[in-house]
Amino acid sequence: MSTGGGRRRSPAGRRSAGGGRDLAPPTEHRRGRGAPRRSRSSGAGAGLSLPTVTLSPRAVLRAAILLLEVVCLFVLVNQPVFASTQVEVSGAKHLSRQHILDRAGLSPGTSIFLVSTSAAQSELAGDPYVRSATVRTQLPNQVRIEVTEWEPLALVTRGNARYLLNEQGNVLTATTDVGLGRNPGQPRVPITEEDTAALAPGQSAINSRLVVDLDQMQSTFPSAYGLTVARFVIQSGGQLVVETTGGPRILFGQMVTPEQIDSLDAKLAALKSLSSQVDLGHSNLDYVTLENPNAPATHSIPSPSPSPKPSASPTKKP
């Protein structure tokens with residue numbers, strides 16, 4: 001019995017036009033016209049095919065030529081005729097030939113084509129003693145190294161250690177047996193620092209302007225002020241004291257900033273004016289203070305206290 005237009009048949013109850021049951025599941029979305037059909041094959045990667053790479057004869061020929069060039073280049077570079085057997089080192093006074101070669105990274109027999117001149121120059125420039133360096137190669141087997149070295153200017157004493165400094169105030173090396181002098185290779189400015197911390201080669205120890213000024217002061221003191229410099233002392237805080245031979249100590253005050261170093265001119269002018277009034281080399285002055293160049297002060301050596309007279313010993317009775 002049907003109500004309201006009859007009972008709706010379930011999809012399972014559909015029958016085909018021939019009277020049999022239609023077992024195909026219902027299609028929710030109909031495929032539009034012209035849409036590609038899905039493959040019914042199962043399994044991952046089904047229907048995929050790998051591309052086939054085929055090298056053309058021209059590509060194979062190019063690869064073979066490139067390989068041949070690499071082999072020929074390797075053989076050419078390693079020919080004995082191009083081994084760097086003639087190495088010339090010039091300009092070295094303080095550094096040994098072997099030290100320069102090691103620093104430049106040049107091994108005996110290295111192919112001249114494998115020598116990097118820029119890298120060798122950079123390594124040599126990193127040595128504290130090297131001011132400048134030039135490295136050149138020349139076929140078939142020559143390497144030329146030209147170096148310009150710093151000369152030691154000052155000998156700095158810190159505690160029990162001594163160091164050579166160049167005119168920039170940088171440490172060249174630690175030393176034990178070098179002496180002062182005016183000969184090439186000898187430092188001529190003696191400096192003692194109260195700081196006892198160790199210094200490393202290449203480290204900046206003293207302001208470069210101050211080092212040059214101290215060198216000039218040492219050479220001009222005898223003629224300008226009648227005094228001979230025994231040594232320069234840099235106390236804690238950068239206080240500069242000049243100790244003279246047979247004369248007074250000269251106290252210049254702190255010499256750290258550029259402005260303080262600039263004040264040396266005015267202080268030396270004050271010392272010059274004082275030396276025109278007092279024979280500093282033959283005076284009884286203990287020290288001269290130039291911290292205020294407009295009012296230099298002097299301090300005399302204290303007079304020794306008179307020794308007490310010995311008391312008369314009592315006469316022994318017989």
Side-chain angles (χ1 to χ4, degrees), residues 91-105 119-133 147-219 221 228-245 249-264 287 291:
K93 300 176 183 178
H94 307 286
L95 301 177
S96 67
R97 170 187 171 88
Q98 190 59 49
H99 176 87
I100 292 177
L101 294 180
D102 292 342
R103 185 82 190 195
Q121 290 175 176
S122 177
E123 290 296 327
L124 286 171
D127 191 287
Y129 254 111
V130 176
R131 188 168 189 165
S132 63
V147 297
T148 302
E149 295 178 336
W150 291 103
E151 290 293 337
L153 177 63
L155 178 64
V156 172
T157 301
R158 279 194 174 197
N160 296 325
R162 298 198 299 174
Y163 306 90
L164 294 177
L165 269 60
N166 61 13
E167 65 185 49
Q168 289 190 326
N170 298 331
V171 178
L172 296 175
T173 185
T175 186
T176 55
D177 55 357
V178 69
L180 294 169
R182 290 280 171 177
N183 296 325
Q186 285 186 312
R188 53 181 182 265
V189 182
I191 303 174
T192 299
E193 290 189 301
E194 290 187 351
D195 190 351
T196 58
L199 296 172
Q203 180 179 349
S204 177
I206 300 176
N207 185 287
S208 59
R209 289 181 54 199
L210 183 58
V211 171
V212 174
D213 285 346
L214 296 184
D215 180 37
Q216 185 176 2
M217 288 166 62
Q218 185 180 24
S219 61
F221 254 53
T228 300
V229 176
R231 64 171 181 169
F232 298 94
V233 179
I234 300 180
Q235 300 175 341
S236 58
Q239 304 288 331
L240 175 64
V241 178
V242 178
E243 295 184 355
T244 63
T245 302
R249 292 172 294 150
I250 313 298
L251 282 56
F252 285 90
Q254 193 177 50
M255 292 290 149
V256 177
T257 66
E259 293 76 14
Q260 292 169 342
I261 297 175
D262 286 340
S263 69
L264 272 175
Y287 61 85
E291 294 189 32

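Residue indices begin at 1 and follow the sequence shown.
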How about Ser204 and Asn170: do any of their side-chain heavy atoms sit closer than 4.5 Å? yes
Is a side-chain donor or acceptor of Arg158 paired with a backbone partner of Ala197 at a separation under 3.5 angstrom? yes
For the student: nearest non-hydrogen atoms of Arg182 and Ser219, plus distance: NH2-CB, 3.9 Å
Restricting to non-hydrogen atoms, name the atom on Pro190 and the atom on Ala230 that form the minimum distance, rounded to 0.1 Å. CG-O, 3.5 Å
Using a 4.5 Å cut-off on heavy atoms from C-beta on, say whether the side chain of Leu155 contacts that of Leu164. yes
Nearest heavy-atom contact between Pro152 and Gly185 is CG-O, 3.3 Å
Keeping Tyr129 on the side-chain end and His94 on the backbone end, is there a donor-acceptor pair under 3.5 Å? no
Could you check Val241 against Tyr287 for side-chain contact (heavy atoms from CB on, under 4.5 Å), going step by step and ending with a plain yes or no? CA-CA 10 Å; Val241 178; Tyr287 61 85; over 6 Å; no
Glu243 and Thr192, any side-chain heavy atoms less than 4.5 Å apart: no
So Gln239 and Leu251, side-chain contact (heavy atoms from CB on, under 4.5 Å) or not? Walk me through it. CA-CA 8 Å; Gln239 304 288 331; Leu251 282 56; over 6 Å; no
Using 0.5 Å steps for rounding, measure from the CZ atom of Arg231 to the CG atom of Leu180. 12.0 Å
Leu240 vs Leu214 side-chain heavy atoms within contact, under 4.5 Å: yes
Atom pair CD/CG of Glu149 and Asp127 - distance to nearest 0.5 Å: 8.5 Å
Minimum-distance pair of heavy atoms, taken over all atoms of Ala200 and Val171: O-CB, 3.4 Å
Is there a donor-acceptor pair under 3.5 Å between the side chain of Asn166 and the backbone N or O of Gly169? yes
Minimal non-hydrogen separation, Ala92 against Ile100, with atom names: CB-CD1, 3.5 Å
Do Leu210 and Leu264 make a side-chain contact, defined as non-hydrogen atoms from C-beta onward lying under 4.5 Å apart? yes
Side-chain heavy atoms of Val147 within contact of Leu95, under 4.5 Å: no
Closest non-hydrogen contact found for Ala154 with Pro187 is C-CB, 3.8 Å
Taking atom CG of Asn207 and atom CD1 of Ile261, what is their separation to the nearest 0.5 Å? 3.5 Å
Would you indicate whether Asp262, at its atom CG, is surrounded by more than 12 heavy atoms from other residues, nucleotides or ligands within a distance under 6.0 Å? yes
Can you tell me if Gln254 uses its side chain to pair, donor with acceptor, with the backbone of Gly237 under 3.5 Å? yes
With Trp150 as partner, the option from Leu165, Val130, Leu172 fulfilling side chain to side chain contact (heavy atoms under 4.5 Å, CB included) is Leu172
I'd like to know if Arg131 and Glu167 make a salt bridge, using a cut-off of under 4.0 Å between side-chain N and carboxylate O. yes
Are Thr157 and Glu193 side-chain neighbours, meaning at least one heavy-atom pair lies under 4.5 Å? no
Between Gln218 (side chain) and Val229 (backbone), is there a donor-acceptor pair under 3.5 Å? no
Roughly how far, to the nearest 0.5 Å, is CD of Glu291 from OG of Ser263? 10.0 Å
How far does CZ of Phe252 sit from CD1 of Ile234, to the nearest 0.5 angstrom? 12.5 Å
Supply the atom-to-atom distance Arg97 CZ to Leu101 CG, rounded to the nearest 0.5 angstrom. 5.0 Å
Atom CD of residue position Gln203 - does it have more than 12 heavy atoms of other residues, nucleotides or ligands inside 6.0 Å? yes
